[in-house]
Each structure stands twice: as C-alpha cells, then as structure tokens.
There are 2 protein chains.
Amino acid sequence: MASEVRSRVTVIDVARAAGVSVATAARALGGYGSVSQASRRKVDEAAARLGYTPNMVARSMITGSTKTIGVIVADIENQFFQLVLRGVSRVLSEAGFDLVLANTEESIEVERRSLRVMTSRRVDGLILSPTEVADVAQIRAVADSGIPVVLLDRRLRGLKVDSVGIRNRAASHEATTYLLDRGHRQIAVVTGGGAEHAEELRSGNVGRLRRMSATTLGTRTAGYLEAIEAAGIAHVPDYVVANGFRQSDARTAARELMRLPQPPTAIMAFDSLLNLGVLQGLGDAGVRCPDQVSLIGFDDAPWAEVVDPPLTVIAQPTEEIGALAARQLLDRLGGESGAPMNHRLPVRLIERQSVARPPG
Amino acid sequence: MASEVRSRVTVIDVARAAGVSVATAARALGGYGSVSQASRRKVDEAAARLGYTPNMVARSMITGSTKTIGVIVADIENQFFQLVLRGVSRVLSEAGFDLVLANTEESIEVERRSLRVMTSRRVDGLILSPTEVADVAQIRAVADSGIPVVLLDRRLRGLKVDSVGIRNRAASHEATTYLLDRGHRQIAVVTGGGAEHAEELRSGNVGRLRRMSATTLGTRTAGYLEAIEAAGIAHVPDYVVANGFRQSDARTAARELMRLPQPPTAIMAFDSLLNLGVLQGLGDAGVRCPDQVSLIGFDDAPWAEVVDPPLTVIAQPTEEIGALAARQLLDRLGGESGAPMNHRLPVRLIERQSVARPPG
DNA sequence: CTGTTAGCGCGTTCAA
DNA sequence: TTGAACGCGCTAACAG
C-alpha cells in the first residue's frame, strides 16, 4: 500500500530540516554559489532523508531554460528517423538535455500544432523534419523568437536556418548513373510523394523540381532527370511514381510499372520502406530481380543484406545526421552566431545484388 | 536578420493592450472561467497582434500538471520499441499530452538517471520498459510518489504497477511446440541476453528462470524448456545462447551453434534483429534455411516476408501494446484506482517458409 | 462577468 | 559564507 506523497518536499522543507536558510539549502542542492562543508553536509543529509527531488519546472521558470529540445519528426515508423532519433538522443543526453518528441505522421496540421506546443513548452531548441508542405512562416516565427532551429533531412526554400542532410540531387544522380552505366535506358523512380506532388514530379521540368518546397523529393527527382537527360534519354512521365510513401503504395507502384506497355528495366526507390514495397511488387508481378528488373534504393537497412536479392543501396549516414543536428543546435545554444550552416554529409553506394544488366 | 525577441509577451502585456485585467485576459487565453464575448474578442485580438504564446512552464508551476508523459525505452533501435512508441505517441497526443523520451540503451545507470530526470521534470505519468536488471526500489519510489507507472513488455517481480505485454511463456511454448510438431528434437534459442544472464538461462531450471528479474528472457526461456521437456527431450545448455542482443551477436551465435558437435536442427530467436542475425549467421556457416536448419523468431517486421526464406514468426501486436499502455496510464490519471492491471495481449504465429521438417 | 491579490518552488539579487 | 526578500508567468480564490 503506497502512501501517495502528493505534496512533494521543497527546498524550504529541506532548509528547515537542516536548520539553515532556504538560500543556503538551494545553493547546496543546486550546486551554485558557495556553501560551507558543514552546511552542505547538513543539507544533503536532510534532502536524502526527506526524499527531495529538484523541481525542474520551478527552475525553468526562473532560469528561462528548460533544458529540453523539441524534436518533430515526420514519421517515427520510418527507419531513417529512428536512427536519426538515436543520434540526436545520444548527443543531447550527454549534454544534459532532454527530448520532447512529436510525430507529425506527415500531416501539416499536426506539424503546426506541434510547433505551437514546442513554443509554449519553451524548449531551448528545435530539431525538425518538416513535412513536404511545411508552413515556412510559422517556422521562421519560431526561429525569430530566439529558439534555434535545425532542419533535418529537408531544407526549406527561403528559410535561413541550419540544416543537416545529404546532397540529395547528387545522390540520386549517382544512383541513376550507376544504372545507366550498366546499360539501363528505361529507369523508373518510386518517389513516395503523394498525389499532390504527382503532377510536379512527373513534369520533367528540372527547374521547377528544384524549386519544390519538398526539397527531398524534388531534388532527388531532379538528379534523376539530369542524369537520364545527360545520357540522351527522353523523360517518360509514367516512370515517375508518386502514389504515397507506405510500403503498400510502393508495392502497388511496382506492379503497375510492370504493366506498362514499355515497362522499366530498372527502378530506383527513395527510402527503405519503399525499397521493400517495390521488391514485393516485383514478386507479385512475377518478375525476377535483378534478372528482369534491377532495383536500387535509398537508405541502408539491417535487412538489406538478407533480402532476396540483397539490395544495392545509397546509404545515408543516418545516425550521424541526427548527432550532427544535435551538435549544431548545442553550438547555437552555446552562442555560436554565424550564418546558417547547411551540413551535407556524404552518402555511400553499397553494391550488392539487386542491380544487373538489363535483359536482352 | 531576425530581431530576436528574447523577452516574450505575457498575459499581463496582453491584458494591458486589451484594456482588461490580467485575470480576464488569462481566462480568455487559457479557456477557463467565463468571459464576455466582447472581452474575449479584445483579448484575442491583442494576443494575435502581440504574438502571445502561452507559457506551459508557468502554467504547470501552478496547476501541478505538466501534461507530459515520460517514456523510457530500453533501445530505440529495436523495432519493437519503435512501434510501441508510435502507439504511445498516437494516443497521448490525442489526449493532449506530450512525450518526454529517454533511451537507456539497456544501461541500468542511464535508467536510474532517466528516472530521476522524469521525476524532477514532474511528468504526469511514466511508461517504462525496464532494463533486465531494473532498480525495483527506485521505480517503486516513483510510483509511490504519486506518478502512475505503466511497465512495457516486461514485468518486475514484487512491483505492483500496471503492465502491458504478451504472455511470454505461452508464446515461446507455442513456438517451440510448433517446431516439435514438425519433428525437431534439437532446438536452440538465441535469447539476446547478456553474459550476466548466461548461466541462469542455461541452467535449465524452470523455477529459477521464472524468478529471474528479467521476465522476458526468463519466461520465454522457461516456456521453451517446458515444451521440450514435455516432449521428453533433455535440456542441452549449449542450445541456450546469451551472448548479447545485437544483430552481430546473433550472427555469431548462429555460426557457433552450427559448429557444435551436434548442431541444432531448429533455432528460435527472441526479437526481430536477432532473427536477422541468425539468418545471416546461417548463411555464413553455409547452411541452408529451412532445408538444413529451421528458424522461428519473435516479432514480425516489414521485411520478414521478403527475406530469403520468408520468416515464420510470433508476431506481437506491438503498436497496440503501446497504445494500450498509454490508455491505461490515462485511465490512472483520470482517477481510476483499482488493483494493478497486467494486460496480456494475444500473439499470432505467422507461418511462412523458414520452418521445415528436419533433414533426414 | 470582472478585477485584485496571493503564491506555486526556486534562483537571484543585496546586505549582513 | 549566509539570510531575507523579490519575482519568473500564471491560475485560483474571493470579492465586487
């Protein structure tokens, strides 16, 4: 039978029990100012006896710092964000910060709400992977209010804040070139974007793509386009799929690609869940990978080596992205005040067995 | 050039600008008490004009509630916890609570620290997946101090708090029986436990296993033992591996199992990363699954269907576990005061192709 | 419906 | 080195 101690013990209680003033007790407990050995001992003893726990809420109230960082991710279920989160969590906790987590599930409404929540919670800083249609003005308002913001994975046009990610255009260019070098001429991409981006993505207009607010999708698709055009291949709108970011969406996408009059001989997918979906879709369609169709995907995963066939991927240094974002944020909190940094970390193309020369 | 608005606007400012008292402004802004239409409009207008954001810290200070729930997981990188987190996050955010996350990486020290942090942050409730060697007294102290605690996945002997998970012993019993039914007599388990549990786990002493503080490992191993003993099979200590929970540990484990004078014909692994590791280890050892060795694992994963061979697994309703834990916590916060609930959710054995009859 | 006032728990003056 | 007193921004209690 637990006797619920609803009224918690305060510095005042400890002070009284130790026979010193509140100020002295607070100094001993909070580890600031100067306290004599004797007082410190009395206070510590009393605190232990009464079961005192400092009240961060009250402390934040007066110091103005909550020692928390807000982290807003687009989708916890995405491998990429899980690893990012791990990196973030590791460096923040080492620095004595805690982490308030929000998951937007790619909804702009939830993102707006989360941003408000983080502000009212007075987080000291914010790490954010904005949805594709982020409310730039709102984010800018947060940053302008003095809360350092670091963008994850995606950059936002017109928003001058730090960001950490990869060189998306170069990465997809590299992947596409890899396929071209092996003789592929019909290359499709499964972008994961939603219907609202389909038209833009399929337009084949590089300039427009690079101006999309959704920089990850836009720039990756741009890199792909530039590569095939440099190889003298015409853009086929049907080869650019934007029907959703779930595994099942990619699965459907792959099946439909294979039903095209002129099906692709290679497919590129933009994240690890999509890779998986495409692989399944190919299976459904009864086509063998890589004999009939090659596949290259973004993001390495623990299972990428074990699937059939083992997947050739563009690996992002995911955990490091998170760690770097956190470090960048801590730097800003430490007073660093230069121009916004856009950290672009290197990717690595890992060759396994999902890419072969096209049949025939 | 952002003009950093370091001094934020307060209720007082809004009140002044709206020409009403602080109380009225606070009532309008906080949405409590009663305010006339006219005042409300004036206040809202002033708040918008000044860019007022409520200060949750101050609010918590006086209401005594932070509207946050602490979530302490053993390992973010584990599939299981990611999905749990998603479930938790979904129901909490619907209820207007936010989530302070801590990742212990299976370290008891970090767990202790996290617990202190959560208390001093005055979280309204706590969802915790304790490490294998949890400090029960400390957790009890938290619960006794009036913060509802819900245990995830694992139960702790002697700790009377709510918990949500599966019937671990029954689940591994079921999996083992499934293997026995197909004719296997040499069945190994890769538990994921560390060296500190190896002796206990390998002891073959069911009573002792069920008394382990690490109930997940202990009870799962107990279920396995009971099943093989019921089938008249003697316990082989070498068939119980506890060399770590990383993918590479499982990989090593599988390789070593296959080097045994009498290698197993079937292996059971206790989580999805271990499944993967075992599969790789079998590949390293040059043995084909399921022709030469069968594999059954805990936890379904998006990729389980796509690996070679597709994995037969015991699937936990992971996201639902998280959701239920959150709901249980909200119930307690709502005043529910019955005896501790031990929710055990049903598992599902998903047959795919990694189990076959033993060779010969 | 509105305003006044006290105080949540702690860090921070300032004087002793 | 110590103590008394103020105030962070807000809500609750009470009077009007």
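Reminder, nothing fancy here: chain letters follow the sequence lines and each chain counts from 1.
Both Ser39(A) and Met56(B) lie near DNA chain D, and the one whose nearest nucleotide falls closer to the 5' end is Ser39(A).
Looking at Glu106(A) and Arg154(A), a side-chain N of the basic residue comes within less than 4.0 Å of a carboxylate O on the acidic one, giving a salt bridge. Arg332(A) has a carboxylate O that lies under 4.0 Å from a charged side-chain N of Asp162(A), or vice versa, which qualifies the two as a salt bridge.
Atom pair Arg41(A):CZ and dT1(D):C1' shows a separation of 16 Å (rounding to whole Å applied). The nearest whole Å value for the distance from the CE atom in Met61(A) to the P atom in dG11(C) is 13 Å. In this entry the distance linking CG of Leu50(B) with P of dG9(D) reads 14 Å, nearest Å. Ile12(B) places its CD1 atom 14 Å from the P atom of dG3(C), with the value rounded to the nearest Å. Between the P atom of dG9(D) and the CG atom of Asn55(A) lies a distance of 17 Å, rounded to the nearest Å. Between Arg121(A) atom CZ and dG9(D) atom P the separation is 18 Å, expressed in whole Å. Distance CG (Leu29(B)) to P (dT2(C)): 14 Å, rounded to an integer number of Å.
For the atom pair CG (Leu152(A)) and CG (Leu128(A)), the distance works out to 7.5 Å, reported to the nearest 0.5 Å. In this structure, CG on Leu29(B) lies 4.5 Å from OH on Tyr52(B), to the nearest 0.5 angstrom.
As judged by a 4.0 angstrom heavy-atom cut-off over every strand, Val57(B) is placed among residues making no nucleic acid contact. Counting non-hydrogen atoms under 4.0 angstrom, Val20(B) reaches the backbone sugars and phosphates but no base.
Phosphate proximity of dC10(D) to Ser60(B): absent, as no side-chain N or O sits under 4.0 Å from OP1 or OP2. Within the 4.0 Å cut-off from OP1 or OP2 of dG9(C), not a single side-chain nitrogen or oxygen of Thr10(A) is found. When the side-chain nitrogen and oxygen atoms of Thr24(B) are compared with OP1 and OP2 of dG3(C), one or more of them lie within a distance under 4.0 Å. Ser36(A) has no side-chain polar atom (N or O) that falls below the 4.0 Å cut-off from OP1 or OP2 of dT1(D).
The backbone N or O of Leu115(A) lies less than 3.5 Å from no partner atom in the side chain of Gln138(A), so there is not a single donor-acceptor pair.
Counted by atom type alone, Arg344(B) and Ser163(B) present one or more donor-acceptor pairs between their side chains at under 3.5 Å. Checked by atom type, the side-chain pair Ser39(A)/Arg27(A) shows no donor-acceptor distance below 3.5 Å.
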Show me the protein contacts with nucleotides 11-14 of chain D, counting only N or O atoms at under 3.5 Å.
{"from": "dT11(D)", "atom 1": "OP1", "to": "Arg59(B)", "atom 2": "NE", "distance (Å)": "2.7"}
{"from": "dT11(D)", "atom 1": "OP1", "to": "Arg59(B)", "atom 2": "NH2", "distance (Å)": "3.2"}

